[in-house]
> 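After the structure tokens below, expect a handful of questions from me.
First the proteins, then the strands, lettered A, B, ... as listed; each starts at 1. All figures in this text were calculated on a predicted structure; none of them were measured in a lab. We use all heavy atoms of the structure for the numbers below, so side chains are in, but hydrogens, waters and symmetry mates are not.
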Protein chains: 2
Amino acid sequence: MSKPTEEIVQTLKRKQLRVTPQRFAVYANLLSRTDHPTAEQILSDLNQDAPVSSQATIYNCLQTLREVGLIREVLLEEGNCRYDANVQPHHHFRCGSCGAIADIPWQALQTIDLSHLNPDWQVSGYEVTVHGTCEACQA
Amino acid sequence: MSKPTEEIVQTLKRKQLRVTPQRFAVYANLLSRTDHPTAEQILSDLNQDAPVSSQATIYNCLQTLREVGLIREVLLEEGNCRYDANVQPHHHFRCGSCGAIADIPWQALQTIDLSHLNPDWQVSGYEVTVHGTCEACQA
DNA sequence: CTTTATCTTAGAATAGTTCTTAGTTAGGAT
DNA sequence: ATCCTAACTAAGAACTATTCTAAGATAAAG
Ligand SMILES: [Mn+2]
Ligand SMILES: [Mn+2]
Ligand SMILES: [Zn+2]
Ligand SMILES: [Zn+2]
């Protein structure tokens, strides 16, 4: 999922965003991982060698990136907002033991027919959350 | 979904819980509604006429009721934990405009085949979240 | 009735996130 | 190349949702 630097820069510019070191770092970090980190995890990852960004800026960057549709939130546990640079439709698996979240490709599950739901609703999409235990957490 | 008082009392006792006025009120309130309220909404609902419960007790009750499996959390928007007295498997519809959450009966959607997912995962269940706009929010 | 483990509560504490405000800067304009 | 400024960063304060503390109250068993 990791992209070359120049491609990331172009992606940000295409969204009319100034390419600051912090914003680049946050987006590049999210693109490089598939573990749906929290803001706090991104912060400590970026600053582990040398200070790169403040906490407030991480939150600002995440919010901005979300507003332009480059990243999205994943809400699967209380009080923990996780982020995902994969904005294509896909599903998630969550380990109830360790909290790990993994992607499930859209095509891995059959398409669900939503045509018989409440006709008053204007449906725009859906996603499936699968619950279970990951390999590492099985006794 | 509302149940007679005695039935609620018996349900709590069956779970070895002391039937306090506050705990009864929280559970009865949740049973009487299908809108997946937040702790704050339950609090103000219970106390609107006369003081019935403190904030801390609402949180305590919700946690206890969840631990014994009488209610469950519904996490569909950031920073807002909602509660549901319907603990049978079912799906949810969320209006992206007003945030309203509605139940979708389990049988309303076809069963999803999860047998071809990562075999290292021990799958225990799943649920579908449908996104869209509710009737009231359509222009 | 007594007894006591459980429960409630006000207020303090905590954690995640957002706000404020002053200084910095990316990048278009000159 | 330098200037200009709207956009951005950042430290700390503020805010909000939730949990903790510890002291008094009570459901319900005996
Ligand atoms: Mn994902
Ligand atoms: Mn529900
Ligand atoms: Zn796990
Ligand atoms: Zn709506």
> Atom CG of A:Asn80 to atom P of D:dA17: distance rounded to whole Å?
17 Å
> Determine whether a donor-acceptor pair (N or O, by modelled atom type, separation under 3.5 Å) exists between the side chain of A:Arg72 and the backbone of A:Arg66.
no
> Compile the donor-acceptor pairs under 3.5 Å between side chains in residues 116-124 of chain A and protein atoms, sequence neighbours left out, one pair per line.
from     : atom 1 : to       : atom 2 : distance (Å)
A:Asn118 : OD1    : A:Asp120 : N      : 2.8
A:Ser124 : OG     : B:His131 : O      : 3.2

> What does the B/S/- profile of nucleotides 24-30 of chain D look like, 5' to 3', with a 4.0 Å heavy-atom cutoff to protein?
--BBS--
> For the pair made of CD1 in B:Ile42 and P in D:dA17, what is the distance, rounded to whole Å?
14 Å
> Short of 4.0 Å, heavy atom to strand atom, which residues of residues 53-67 of chain A count as contacting DNA chain C?
A:Gln55, A:Ala56, A:Tyr59, A:Gln63
> Sort out for me which residue in B:Glu73, B:His92, B:Arg94, B:Gln41 forms a side-chain hydrogen bond (donor to acceptor under 3.5 Å, both in side chains) with B:His36.
B:His92
> Just the rounded figure in Å: distance from P of D:dA7 to CZ of A:Phe24.
23 Å
> Please check this pair: side chain of B:Gln138 against backbone of B:Thr133, looking for a donor-acceptor N/O pair closer than 3.5 Å.
yes
> May I ask you to say whether A:Arg82 pairs ionically with A:Asp35, meaning some side-chain N is under 4.0 Å from a carboxylate O?
no
> Over how many whole Å does the gap from B:Leu43 atom CG to D:dT18 atom C1' extend?
13 Å
> With a 4.0 Å cut-off on heavy atoms, is B:Val52 in touch with a base, just the backbone sugar-phosphate, or nothing at all?
sugar-phosphate
> Output yes when at least one side-chain N/O atom of A:Gln22 is less than 4.0 Å from OP1 or OP2 of C:dT25, else no.
no
> For the side chain of B:Glu40 and the backbone of B:Gln55, is there at least one donor-acceptor N/O pair under 3.5 Å apart?
no
> If I take atom CD in residue B:Gln16 and atom C1' in nucleotide C:dC7, what distance separates them, rounded to the nearest angstrom?
16 Å
> How far apart are the C-alpha atoms of B:Thr64 and B:Arg23, what are their side-chain angles, what is the distance that settles it, and do they pass the side chain to side chain contact (heavy atoms under 4.5 Å, CB included) test?
CA-CA 9 Å; B:Thr64 303; B:Arg23 186 172 288 159; 4.1 Å; yes
> What is the separation between atom CD on B:Gln41 and atom P on D:dA17, rounded to the nearest whole Å?
11 Å
> Do we see a donor-acceptor contact under 3.5 Å between the side chains of B:His91 and B:Asp103?
no
> With a 4.5 Å cut-off on side-chain heavy atoms, are B:Cys81 and B:Thr38 touching?
no
> Once you round it to whole Å, what is the distance between P of C:dG16 and CG of A:Leu75?
15 Å
